[in-house]
Protein chains: 2
Amino acid sequence: MDKAEMAPIVIGKLMNIGGMLQKRANLMLAPFQLNQQQYSILFSIYQEDRVQQKNVINKLMLEKAHVSKVVKKLHSMDLIDIELSEQDKRSSWLMITDKGKKLVHKVRGVSADWNKQWTGELDMNQMNQLLESLTMIQNVFKEKALH
Amino acid sequence: MDKAEMAPIVIGKLMNIGGMLQKRANLMLAPFQLNQQQYSILFSIYQEDRVQQKNVINKLMLEKAHVSKVVKKLHSMDLIDIELSEQDKRSSWLMITDKGKKLVHKVRGVSADWNKQWTGELDMNQMNQLLESLTMIQNVFKEKALH
DNA sequence: CTTATTATGTTTCCATGGAAACTAAATGAC
DNA sequence: GTCATTTAGTTTCCATGGAAACATAATAAG
(Lines give C-alpha, C1' and ligand atoms only; values in the text may rest on other atoms or scores of the structure.)
Protein backbone atom coordinates (compact mmCIF):
# COMPACT_ATOMS: atom_id res chain seq x y z
CA MET A 1 0.00 0.00 0.00
CA ASP A 2 1.44 3.39 -0.93
CA LYS A 3 0.79 6.78 0.57
CA ALA A 4 -1.97 7.72 -1.85
CA GLU A 5 -3.91 4.63 -0.80
CA MET A 6 -3.24 5.07 2.89
CA ALA A 7 -4.10 8.75 3.12
CA PRO A 8 -7.88 8.38 2.80
CA ILE A 9 -7.92 5.53 5.29
CA VAL A 10 -5.90 7.49 7.82
CA ILE A 11 -7.99 10.61 7.30
CA GLY A 12 -11.18 8.61 7.58
CA LYS A 13 -10.05 7.07 10.82
CA LEU A 14 -9.01 10.43 12.21
CA MET A 15 -12.45 11.86 11.51
CA ASN A 16 -14.14 8.80 12.95
CA ILE A 17 -12.03 8.68 16.10
CA GLY A 18 -12.35 12.42 16.60
CA GLY A 19 -16.13 12.18 16.50
CA MET A 20 -16.26 9.21 18.85
CA LEU A 21 -13.92 10.83 21.36
CA GLN A 22 -15.89 14.04 21.33
CA LYS A 23 -19.11 12.16 21.93
CA ARG A 24 -17.63 10.24 24.85
CA ALA A 25 -16.05 13.37 26.25
CA ASN A 26 -19.43 15.07 26.11
CA LEU A 27 -20.88 12.24 28.16
CA MET A 28 -18.09 12.48 30.71
CA LEU A 29 -18.54 16.24 31.00
CA ALA A 30 -22.34 16.20 31.09
CA PRO A 31 -22.47 16.28 34.92
CA PHE A 32 -20.62 19.60 34.73
CA GLN A 33 -23.16 21.05 32.25
CA LEU A 34 -20.41 21.49 29.68
CA ASN A 35 -19.45 19.75 26.50
CA GLN A 36 -15.97 19.07 25.20
CA GLN A 37 -15.62 22.26 23.15
CA GLN A 38 -16.93 24.42 25.93
CA TYR A 39 -14.55 22.79 28.38
CA SER A 40 -11.61 23.23 26.02
CA ILE A 41 -12.38 26.95 25.86
CA LEU A 42 -12.67 27.15 29.64
CA PHE A 43 -9.41 25.26 29.97
CA SER A 44 -7.57 27.57 27.61
CA ILE A 45 -8.72 30.51 29.74
CA TYR A 46 -7.65 28.62 32.85
CA GLN A 47 -4.16 28.19 31.45
CA GLU A 48 -3.54 31.93 31.21
CA ASP A 49 -3.90 34.81 33.61
CA ARG A 50 -6.09 36.66 31.18
CA VAL A 51 -6.91 36.23 27.51
CA GLN A 52 -8.93 37.86 24.80
CA GLN A 53 -11.37 35.91 22.67
CA LYS A 54 -9.10 36.24 19.66
CA ASN A 55 -6.37 34.38 21.53
CA VAL A 56 -8.72 31.51 22.20
CA ILE A 57 -9.93 31.53 18.61
CA ASN A 58 -6.40 31.38 17.25
CA LYS A 59 -5.17 28.78 19.68
CA LEU A 60 -8.08 26.39 19.32
CA MET A 61 -8.89 27.37 15.73
CA LEU A 62 -12.58 27.78 16.42
CA GLU A 63 -15.26 30.02 14.91
CA LYS A 64 -15.47 33.41 16.54
CA ALA A 65 -19.26 33.28 16.53
CA HIS A 66 -19.10 30.04 18.42
CA VAL A 67 -16.51 31.24 20.93
CA SER A 68 -18.61 34.34 21.52
CA LYS A 69 -21.58 32.22 22.52
CA VAL A 70 -19.57 29.85 24.70
CA VAL A 71 -17.91 32.75 26.51
CA LYS A 72 -21.36 34.05 27.31
CA LYS A 73 -22.39 30.67 28.66
CA LEU A 74 -19.24 30.29 30.78
CA HIS A 75 -19.80 33.75 32.18
CA SER A 76 -23.44 33.04 32.98
CA MET A 77 -22.23 29.95 34.86
CA ASP A 78 -19.79 32.14 36.84
CA LEU A 79 -16.85 30.14 35.56
CA ILE A 80 -15.12 33.16 34.06
CA ASP A 81 -14.87 36.88 34.70
CA ILE A 82 -15.06 39.42 31.89
CA GLU A 83 -13.23 42.72 32.23
CA LEU A 84 -13.45 45.42 29.57
CA SER A 85 -10.11 46.09 27.95
CA GLU A 86 -8.68 49.60 28.24
CA GLN A 87 -6.32 49.29 25.31
CA ASP A 88 -8.90 48.02 22.85
CA LYS A 89 -12.48 48.95 23.48
CA ARG A 90 -13.81 46.29 21.15
CA SER A 91 -12.35 43.60 23.34
CA SER A 92 -12.44 42.21 26.88
CA TRP A 93 -10.14 40.21 29.10
CA LEU A 94 -11.33 36.77 30.11
CA MET A 95 -10.19 35.33 33.42
CA ILE A 96 -11.08 32.12 35.21
CA THR A 97 -12.99 32.45 38.48
CA ASP A 98 -12.47 30.37 41.62
CA LYS A 99 -15.55 28.40 40.69
CA GLY A 100 -14.04 27.84 37.25
CA LYS A 101 -10.74 26.67 38.74
CA LYS A 102 -12.54 24.22 41.00
CA LEU A 103 -14.43 22.83 38.04
CA VAL A 104 -11.23 22.37 36.03
CA HIS A 105 -9.65 20.52 38.94
CA LYS A 106 -12.66 18.26 39.30
CA VAL A 107 -12.67 17.49 35.59
CA ARG A 108 -8.96 16.72 35.69
CA GLY A 109 -9.61 14.20 38.40
CA VAL A 110 -12.32 12.50 36.40
CA SER A 111 -10.56 12.64 33.06
CA ALA A 112 -7.20 11.22 34.08
CA ASP A 113 -8.40 7.63 33.81
CA TRP A 114 -10.78 8.46 31.02
CA ASN A 115 -7.94 9.70 28.84
CA LYS A 116 -5.74 6.73 29.55
CA GLN A 117 -8.30 4.15 28.57
CA TRP A 118 -8.26 5.16 24.90
CA THR A 119 -4.52 4.81 24.64
CA GLY A 120 -4.41 1.69 26.78
CA GLU A 121 -2.99 -0.64 24.16
CA LEU A 122 -0.27 1.67 22.94
CA ASP A 123 3.25 1.41 24.30
CA MET A 124 5.49 4.35 25.08
CA ASN A 125 7.19 4.26 21.70
CA GLN A 126 3.90 4.21 19.82
CA MET A 127 2.59 7.08 21.91
CA ASN A 128 5.60 9.20 21.04
CA GLN A 129 5.28 8.34 17.37
CA LEU A 130 1.57 9.09 17.43
CA LEU A 131 2.07 12.40 19.18
CA GLU A 132 4.68 13.41 16.65
CA SER A 133 2.52 12.49 13.68
CA LEU A 134 -0.52 14.29 15.08
CA THR A 135 1.54 17.38 15.72
CA MET A 136 2.72 17.36 12.12
CA ILE A 137 -0.85 17.12 10.87
CA GLN A 138 -1.91 19.96 13.15
CA ASN A 139 0.85 22.09 11.69
CA VAL A 140 -0.47 21.48 8.20
CA PHE A 141 -3.76 22.94 9.41
CA LYS A 142 -2.05 25.99 10.72
CA GLU A 143 -0.33 26.49 7.36
CA LYS A 144 -3.56 26.04 5.46
CA ALA A 145 -5.62 28.17 7.84
CA LEU A 146 -9.12 29.00 6.66
CA HIS A 147 -9.38 32.53 7.96
CA MET B 1 6.85 12.57 29.89
CA ASP B 2 5.06 9.34 30.80
CA LYS B 3 1.91 7.83 29.36
CA ALA B 4 -0.40 9.46 31.88
CA GLU B 5 0.87 12.87 30.85
CA MET B 6 0.80 12.13 27.15
CA ALA B 7 -2.66 10.61 27.01
CA PRO B 8 -4.63 13.86 27.46
CA ILE B 9 -2.45 15.63 24.91
CA VAL B 10 -2.90 12.88 22.34
CA ILE B 11 -6.63 12.66 23.00
CA GLY B 12 -6.95 16.43 22.79
CA LYS B 13 -5.13 16.50 19.48
CA LEU B 14 -7.25 13.68 18.12
CA MET B 15 -10.43 15.57 18.95
CA ASN B 16 -9.05 18.77 17.52
CA ILE B 17 -7.80 17.21 14.29
CA GLY B 18 -11.00 15.24 13.88
CA GLY B 19 -13.06 18.40 14.09
CA MET B 20 -10.85 20.32 11.70
CA LEU B 21 -10.83 17.53 9.14
CA GLN B 22 -14.57 17.18 9.29
CA LYS B 23 -15.03 20.88 8.77
CA ARG B 24 -12.69 20.91 5.77
CA ALA B 25 -14.29 17.79 4.36
CA ASN B 26 -17.68 19.46 4.65
CA LEU B 27 -16.34 22.36 2.60
CA MET B 28 -14.95 20.05 -0.03
CA LEU B 29 -18.24 18.15 -0.25
CA ALA B 30 -20.48 21.21 -0.21
CA PRO B 31 -20.75 21.34 -4.04
CA PHE B 32 -22.30 17.87 -3.86
CA GLN B 33 -24.88 18.98 -1.26
CA LEU B 34 -23.52 16.47 1.23
CA ASN B 35 -21.46 16.69 4.34
CA GLN B 36 -18.79 14.29 5.50
CA GLN B 37 -21.05 12.05 7.59
CA GLN B 38 -23.66 11.86 4.88
CA TYR B 39 -21.01 10.97 2.33
CA SER B 40 -19.53 8.31 4.59
CA ILE B 41 -22.97 6.72 4.84
CA LEU B 42 -23.43 6.90 1.08
CA PHE B 43 -19.97 5.42 0.60
CA SER B 44 -20.64 2.52 2.93
CA ILE B 45 -23.74 1.74 0.89
CA TYR B 46 -21.70 2.06 -2.29
CA GLN B 47 -19.21 -0.50 -1.02
CA GLU B 48 -21.83 -3.25 -0.74
CA ASP B 49 -24.43 -4.63 -3.07
CA ARG B 50 -27.15 -4.02 -0.53
CA VAL B 51 -27.17 -3.19 3.15
CA GLN B 52 -29.59 -2.61 5.97
CA GLN B 53 -29.42 0.48 8.15
CA LYS B 54 -28.23 -1.60 11.09
CA ASN B 55 -25.16 -2.62 9.09
CA VAL B 56 -24.30 0.99 8.46
CA ILE B 57 -24.93 1.88 12.09
CA ASN B 58 -22.64 -0.87 13.33
CA LYS B 59 -19.90 -0.26 10.83
CA LEU B 60 -19.72 3.50 11.24
CA MET B 61 -20.87 3.49 14.88
CA LEU B 62 -23.45 6.20 14.31
CA GLU B 63 -26.80 6.97 15.93
CA LYS B 64 -29.70 5.13 14.38
CA ALA B 65 -31.84 8.27 14.50
CA HIS B 66 -29.20 10.10 12.55
CA VAL B 67 -28.72 7.36 9.98
CA SER B 68 -32.46 7.20 9.50
CA LYS B 69 -32.57 10.86 8.58
CA VAL B 70 -29.55 10.70 6.30
CA VAL B 71 -30.95 7.67 4.47
CA LYS B 72 -34.08 9.66 3.81
CA LYS B 73 -32.03 12.53 2.45
CA LEU B 74 -29.92 10.29 0.22
CA HIS B 75 -33.07 8.69 -1.11
CA SER B 76 -34.69 12.04 -1.78
CA MET B 77 -31.57 12.96 -3.75
CA ASP B 78 -31.92 9.73 -5.77
CA LEU B 79 -28.52 8.56 -4.64
CA ILE B 80 -29.85 5.33 -3.16
CA ASP B 81 -32.71 2.92 -3.73
CA ILE B 82 -34.75 1.49 -0.89
CA GLU B 83 -36.31 -1.93 -1.23
CA LEU B 84 -38.51 -3.43 1.48
CA SER B 85 -36.97 -6.53 3.00
CA GLU B 86 -38.93 -9.77 2.71
CA GLN B 87 -37.15 -11.53 5.55
CA ASP B 88 -37.59 -8.75 8.09
CA LYS B 89 -40.53 -6.45 7.61
CA ARG B 90 -39.09 -3.82 9.95
CA SER B 91 -36.17 -3.30 7.64
CA SER B 92 -35.23 -2.36 4.08
CA TRP B 93 -32.34 -2.96 1.76
CA LEU B 94 -30.33 0.05 0.72
CA MET B 95 -28.60 0.09 -2.66
CA ILE B 96 -26.64 2.75 -4.46
CA THR B 97 -28.16 4.15 -7.66
CA ASP B 98 -26.29 5.04 -10.84
CA LYS B 99 -26.51 8.67 -9.83
CA GLY B 100 -25.04 7.72 -6.46
CA LYS B 101 -22.20 5.81 -8.09
CA LYS B 102 -21.39 8.76 -10.31
CA LEU B 103 -21.30 11.05 -7.32
CA VAL B 104 -18.95 8.73 -5.44
CA HIS B 105 -16.62 8.63 -8.42
CA LYS B 106 -16.63 12.39 -8.71
CA VAL B 107 -15.89 12.80 -5.02
CA ARG B 108 -13.07 10.29 -5.26
CA GLY B 109 -11.51 12.37 -7.98
CA VAL B 110 -11.70 15.51 -5.91
CA SER B 111 -10.65 13.96 -2.64
CA ALA B 112 -7.54 12.14 -3.79
CA ASP B 113 -5.38 15.25 -3.53
CA TRP B 114 -7.39 16.59 -0.66
CA ASN B 115 -6.61 13.55 1.45
CA LYS B 116 -2.94 13.56 0.63
CA GLN B 117 -2.35 17.16 1.64
CA TRP B 118 -3.02 16.46 5.33
CA THR B 119 -0.49 13.69 5.46
CA GLY B 120 2.00 15.48 3.26
CA GLU B 121 4.80 15.73 5.81
CA LEU B 122 4.62 12.14 6.96
CA ASP B 123 6.90 9.51 5.47
CA MET B 124 5.84 5.98 4.69
CA ASN B 125 7.06 4.62 7.99
CA GLN B 126 5.20 7.23 9.97
CA MET B 127 2.06 6.59 7.97
CA ASN B 128 2.20 2.90 8.80
CA GLN B 129 2.81 3.61 12.46
CA LEU B 130 -0.03 6.11 12.52
CA LEU B 131 -2.43 3.75 10.82
CA GLU B 132 -1.58 1.04 13.29
CA SER B 133 -2.04 3.27 16.31
CA LEU B 134 -5.35 4.62 15.03
CA THR B 135 -6.61 1.13 14.38
CA MET B 136 -5.77 0.15 17.94
CA ILE B 137 -7.68 3.11 19.30
CA GLN B 138 -10.66 2.30 17.11
CA ASN B 139 -10.66 -1.20 18.50
CA VAL B 140 -10.85 0.16 22.02
CA PHE B 141 -14.01 1.94 20.96
CA LYS B 142 -15.50 -1.25 19.65
CA GLU B 143 -14.74 -2.96 22.95
CA LYS B 144 -16.26 -0.15 24.97
CA ALA B 145 -19.27 0.27 22.71
CA LEU B 146 -21.98 2.55 24.00
CA HIS B 147 -25.01 0.66 22.76
C1' DC C 1 -50.08 -20.00 21.97
C1' DT C 2 -49.26 -15.96 24.88
C1' DT C 3 -46.51 -12.72 27.01
C1' DA C 4 -42.13 -10.43 27.68
C1' DT C 5 -38.01 -8.95 25.63
C1' DT C 6 -35.18 -7.54 22.01
C1' DA C 7 -34.21 -5.48 17.52
C1' DT C 8 -35.04 -2.16 13.57
C1' DG C 9 -36.34 2.22 12.31
C1' DT C 10 -38.87 6.71 12.90
C1' DT C 11 -40.32 10.91 15.02
C1' DT C 12 -39.86 14.71 18.01
C1' DC C 13 -37.38 17.82 20.64
C1' DC C 14 -33.43 20.59 21.43
C1' DA C 15 -28.49 22.09 22.07
C1' DT C 16 -24.69 22.79 19.08
C1' DG C 17 -21.91 25.05 16.01
C1' DG C 18 -21.09 26.99 11.18
C1' DA C 19 -21.96 30.96 7.78
C1' DA C 20 -23.09 35.45 6.85
C1' DA C 21 -24.32 39.92 7.95
C1' DC C 22 -23.62 43.20 11.19
C1' DT C 23 -21.61 46.82 14.83
C1' DA C 24 -18.02 49.25 16.47
C1' DA C 25 -13.32 50.18 17.21
C1' DA C 26 -8.51 50.27 15.49
C1' DT C 27 -5.28 50.74 11.90
C1' DG C 28 -3.51 52.15 7.34
C1' DA C 29 -3.25 55.01 3.12
C1' DC C 30 -3.19 59.42 1.27
C1' DG D 1 -7.53 64.74 9.26
C1' DT D 2 -10.44 61.76 6.23
C1' DC D 3 -11.71 57.70 4.08
C1' DA D 4 -10.92 52.79 3.42
C1' DT D 5 -9.61 48.58 5.37
C1' DT D 6 -8.88 45.46 8.92
C1' DT D 7 -9.91 43.52 13.37
C1' DA D 8 -12.82 42.00 17.54
C1' DG D 9 -16.83 40.46 18.74
C1' DT D 10 -22.14 39.83 18.28
C1' DT D 11 -26.43 38.50 16.30
C1' DT D 12 -29.28 35.88 13.39
C1' DC D 13 -30.39 32.09 10.74
C1' DC D 14 -30.28 27.29 9.86
C1' DA D 15 -28.56 22.44 9.10
C1' DT D 16 -26.79 18.91 11.99
C1' DG D 17 -26.84 15.30 15.00
C1' DG D 18 -27.76 13.42 19.83
C1' DA D 19 -31.39 11.67 23.29
C1' DA D 20 -35.64 9.91 24.32
C1' DA D 21 -39.97 8.18 23.28
C1' DC D 22 -42.32 5.73 20.09
C1' DA D 23 -44.18 2.07 16.57
C1' DT D 24 -43.75 -2.23 14.79
C1' DA D 25 -41.83 -6.63 13.94
C1' DA D 26 -39.00 -10.56 15.44
C1' DT D 27 -37.48 -13.58 18.94
C1' DA D 28 -37.37 -15.91 23.50
C1' DA D 29 -39.46 -17.82 27.67
C1' DG D 30 -43.04 -20.16 29.91
Side-chain angles (χ1 to χ4, degrees), chain A residues 15-16 18-30 32-41 45 50-77 80 82-94 145-147, chain B residues 15-16 18-30 32-41 51-77 80 82-94 145-147:
Chain A
M15 288 194 280
N16 185 259
M20 304 260 86
L21 280 174
Q22 202 150 335
K23 199 171 152 190
R24 308 292 181 118
N26 289 347
L27 278 177
M28 177 191 68
L29 292 168
F32 304 98
Q33 347 259 37
L34 291 176
N35 69 21
Q36 188 271 324
Q37 292 232 3
Q38 291 159 358
Y39 178 73
S40 76
I41 291 173
I45 296 169
R50 57 219 280 274
V51 279
Q52 289 171 286
Q53 287 194 30
K54 62 171 176 177
N55 307 137
V56 176
I57 291 162
N58 290 334
K59 188 171 173 193
L60 303 181
M61 290 190 282
L62 297 173
E63 289 294 320
K64 59 186 182 171
H66 180 210
V67 172
S68 171
K69 281 175 265 185
V70 173
V71 161
K72 219 179 259 180
K73 175 176 181 176
L74 297 177
H75 188 232
S76 79
M77 290 171 77
I80 60 170
I82 298 178
E83 187 179 275
L84 292 172
S85 164
E86 292 298 318
Q87 305 94 304
D88 186 335
K89 285 177 185 169
R90 294 167 302 179
S91 179
S92 303
W93 292 106
L94 310 178
L146 278 173
H147 308 292
Chain B
M15 288 194 281
N16 186 259
M20 305 261 85
L21 280 174
Q22 202 150 335
K23 199 171 152 189
R24 308 292 181 117
N26 289 347
L27 279 176
M28 177 193 68
L29 292 168
F32 304 98
Q33 345 261 37
L34 290 176
N35 68 21
Q36 187 271 323
Q37 292 233 2
Q38 290 158 0
Y39 178 73
S40 76
I41 291 173
V51 279
Q52 288 170 286
Q53 286 195 31
K54 62 172 176 176
N55 306 139
V56 176
I57 291 163
N58 290 333
K59 187 171 173 192
L60 304 180
M61 289 190 280
L62 298 173
E63 290 294 321
K64 57 185 182 172
H66 180 210
V67 173
S68 171
K69 281 176 268 186
V70 173
V71 162
K72 219 180 259 180
K73 176 177 180 176
L74 297 177
H75 189 232
S76 79
M77 290 171 77
I80 60 170
I82 297 178
E83 186 180 277
L84 292 173
S85 165
E86 292 297 318
Q87 306 93 305
D88 186 337
K89 285 176 185 169
R90 293 167 303 181
S91 179
S92 302
W93 291 106
L94 310 177
L146 278 173
H147 307 293

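Throughout, protein chains are lettered first and strands after them, A, B, ... in sequence-line order, and every chain is numbered starting at 1.
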How long is the line joining CD of A/Q52 and C1' of C/dA26, in whole Å? 12 Å
What's the CD-P distance between A/E63 and D/dA15, to the nearest Å? 17 Å
In whole angstroms, how far is the C1' atom of C/dA25 from the CD atom of A/Q53? 15 Å
When rounded to whole Å, the CG to C1' distance for the pair B/L62 and C/dG9 reads 15 Å
Touch class at under 4.0 angstrom, heavy-atom based, for B/K64 against every strand present: base
Gap between atoms CG and P, on B/N35 and C/dG18 respectively (whole Å): 12 Å
So does B/K69 reach the base of D/dG18 with its side chain, donor to acceptor, closer than 3.5 Å? yes
Rounded to whole Å, NZ of B/K54 lies from C1' of C/dG9 at a distance of 12 Å
In whole angstroms, how far is the P atom of D/dT16 from the CD atom of B/Q33? 11 Å
By nearest heavy atom, map A/D88 and A/N26 onto DNA chain C; which one lands nearer the 5' end? A/N26
From OH of B/Y39 across to C1' of D/dT16 the rounded distance in Å is 20 Å
Assign each of A/Q22 and A/Q87 the nucleotide of DNA chain C bearing its closest heavy atom; nearer the 5' end lies the nucleotide of A/Q22
Most 5' of A/G19 and A/R90 on DNA chain D, judged by nearest nucleotide: A/R90
